[in-house]
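Ligands are counted one by one from 1 in listed order, and the atoms in each one are counted from 1 as well.
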Amino acid sequence: MTQQPIRRALISVYDKTGLEELGYGLAEAGVEIVSTGSTAARLAAVDVPVTPVEDVTGFPECLEGRVKTLHPAVHAGILADRTKDDHRATLEELGIAAFDLVVVNLYPFSATVASGASPEECIEKIDIGGPAMVRSAAKNHGSVAVVVDPARYDEVIEAARSGGFPLEQRKRLAAQAFAHTAAYDAAVAGWFASAYAPDDTAAETGWPEFHATAYRRAATLRYGENPHQRAALYRSDDPAGPGLAGAEQLHGKEMSYNNYVDADSALRAAYDFAEPCVAIIKHANPCGIAVGGGIAEAHAKAHACDPVSAFGGVIAANRPVSAAMAEQVADVFTEVLVAPGFEAGAVDVLTRKKNIRLLVVAPPDRGARPEARAISGGTLLQSADAVDAPGDDPANWELRAGAAADDATLADLEFAWRAVRAVKSNAILLAADRATVGVGMGQVNRVDSARLAVTRAGDRVQGSVAASDAFFPFADGLEVLTGAGVRAVVQPGGSVRDEEVVAAAERAGATLYFTGTRHFFH
Ligand SMILES: NC(=O)c1ncn([C@@H]2O[C@H](COP(=O)(O)O)[C@@H](O)[C@H]2O)c1NC=O
């Protein structure tokens, strides 16, 4: 028996989307409908024949809705295995009719928490009877079909008309139903562990004893970091927003694993600035970051940093892409352009290049969720590295060598300090006119990064400023910079050899600020 005819349905939904159409369709197909309070009222109001669940249980819905369907007449009707003679006999003995279909969606717990509701309101929105019915029906998928998503109502009506869902489909519906209740419980357990009933450690440190976010497959990717690796994109259920994983793709081939990694780095860099900013990323490192009066100017300056490396790059803008910026980008082979929007004409210009991927992503809600990194057997969590520490404000910087910077130099130093946060592993970033001119990254010592940054800058090193994401452990790195023509440097300080570094800056006549804040990024 693979198909199970749908003769009797239990419908109990908080989200009433599509309910009337479902009711009409099932009634037309001759299905008897049993429903809870306002679901039944809504169906009755449009003349769909419906039996209130109270007529089935012989018990009033009570305790402000906390008990409606939690009754053997409901659960035995859902859980009876129709393939077993003794189950069927028991139902008959007890005078309980079986359900063939359960349609439920749950109280909106996460949305209630996100709305800032009181703990009492949040607790009241923890659905108990709904998940119980969903889990019962999913367990008993051999006999019952369970539906938790209004988008499936058309399929339900079709199945009711055509003899029911086949077993394979009931299994798939059950899989979705268990995913639905698992995600729901993860949200409830996470809220208890973090906000409502934290243990002592959580209360002290903010790290709850239980952490779970449900992820749903959003796409399978052609391959992973390398062609022999398999990969997929999973999207978080987190109400803080869908982020890059929920981007709208306007144009281009499907995103690859590496495209996503680079686009994420690009967004992170571009949104470190309040002014119009563009970041161009290759292999998760910037080959150009700049701010400008407008987004086209920012792009032109970012691109000028390293036009060779920008070939095949991934670009993020923190403003809608203008037609002028689009014209500039269209001249350069670019893998991905991600922005909060595209102004009129910009997409037309860009789609002349048929391969570019154009993505719209809402501004990220930085700091809203912790950053996770998988390690073998576990996951590291950390709060996001926002650029809002006291040491990120030039007003708090300590002048340790040379003359105080003039306004323009200080603006360049502040730009370099923000931008260096986007550079991985021993980051040295040279800037002029609030644009990168040379970036050194990915080295296992700081002096080599300094050499790389200077080499990349070429003649532009003369008169530029520099930022280092962490302290100089020796004077040599700073000497590479000042020896090449860098006139002002900002770094966290904190090395046991700080005084040697300060003395080197003094000797070179360079300005040196300490921030007291570090921005490693690996
Ligand atoms: N307690 C119960 O017995 C119970 N049975 C069903 N529910 C939920 O009540 C909601 C539907 O109620 P109504 O039809 O009154 O709008 C559904 O979201 C369903 O998941 C219940 N509510 C909460 O636990």
Atom indices of ligand 1, in the order listed, that fall short of 4.0 Å to a heavy atom of G65: 1 (N), 2 (C), 22 (N), 23 (C)
For ligand 1 and A40, I'd like to know whether there is a polar contact (N/O to N/O, distance under 3.5 Å). no
Identify the closest protein heavy atom to atom 14 (O) of ligand 1: which residue and atom is it, and at what distance? T39 OG1, 2.4 Å
Just say parallel, tilted or perpendicular for the rings of H522 and F520, cut-offs at 30° and 60°. tilted
CG-CD1 distance between D100 and I78, expressed to the nearest 0.5 angstrom: 11.5 Å
For atom 1 (N) of ligand 1, the protein heavy atom that lies nearest, with its residue and separation: R66 O, 2.6 Å
Please report which non-hydrogen protein atom sits nearest to atom 16 (O) of ligand 1, along with the residue it belongs to and the distance in Å to one decimal place. S38 OG, 2.5 Å
Test: R421 and D272 ion pair at under 4.0 Å: yes
Under a 4.0 Å threshold between the charged nitrogen and the carboxylate oxygen, would R7 count as salt-bridged to E32? no
Protein heavy-atom partner closest to atom 17 (C) of ligand 1 - residue, atom, separation in Å: N105 O, 3.4 Å
Six-ring centre of F165, R170 cation under 6.0 angstrom, axis tolerance 45°: no
K424 to F521 six-membered ring, cation-pi geometry met (6.0 Å, 45°): yes
Note the single closest protein heavy atom to atom 10 (C) of ligand 1, along with its residue, its atom name and the distance in Å. Y107 CE2, 3.5 Å
If we set the cut-off at 4.0 Å for heavy atoms, which region of K16 has an atom near ligand 1: side chain, backbone, both, or neither? side chain
What is the nearest protein non-hydrogen atom to atom 20 (O) of ligand 1, stated with its residue, atom name and distance? D127 OD2, 2.6 Å
Within 6.0 angstrom of D200 CG, more than 12 heavy atoms from elsewhere: no
For atom 6 (C) of ligand 1, what's the nearest protein heavy-atom neighbour? Residue, atom name and distance, please. S12 OG, 3.4 Å
By number and element, which atoms of ligand 1 are closer than 4.0 Å to a non-hydrogen atom of T36? 11 (C), 12 (O), 13 (P), 14 (O)
Per-atom filter on ligand 1: closer than 4.0 angstrom to a heavy atom of V104 are 20 (O)
Which is closest to atom 2 (C) of ligand 1 by heavy-atom distance: M133, R42, E64, K68? K68
Which bit of E61 gets closer than 4.0 Å to ligand 1, counting heavy atoms only: side chain, backbone, both or neither? neither
By number and element, which atoms of ligand 1 are closer than 4.0 Å to a non-hydrogen atom of Y14? 17 (C), 18 (O)
Tell me if the aromatic rings of F415 and F273 count as close, with their centers under 6.0 Å from one another. yes
Would you say H87 has more than 12 foreign heavy atoms packed within less than 6.0 Å of its NE2? yes
Ligand 1 atoms nearer than 4.0 angstrom to some heavy atom of G37 are 14 (O), 15 (O)
So, is I128 polar-close to ligand 1, with some N/O to N/O distance under 3.5 Å? yes
Over 60° means perpendicular and under 30° means parallel, so tell me whether W191 and Y196 are parallel, tilted or perpendicular. parallel
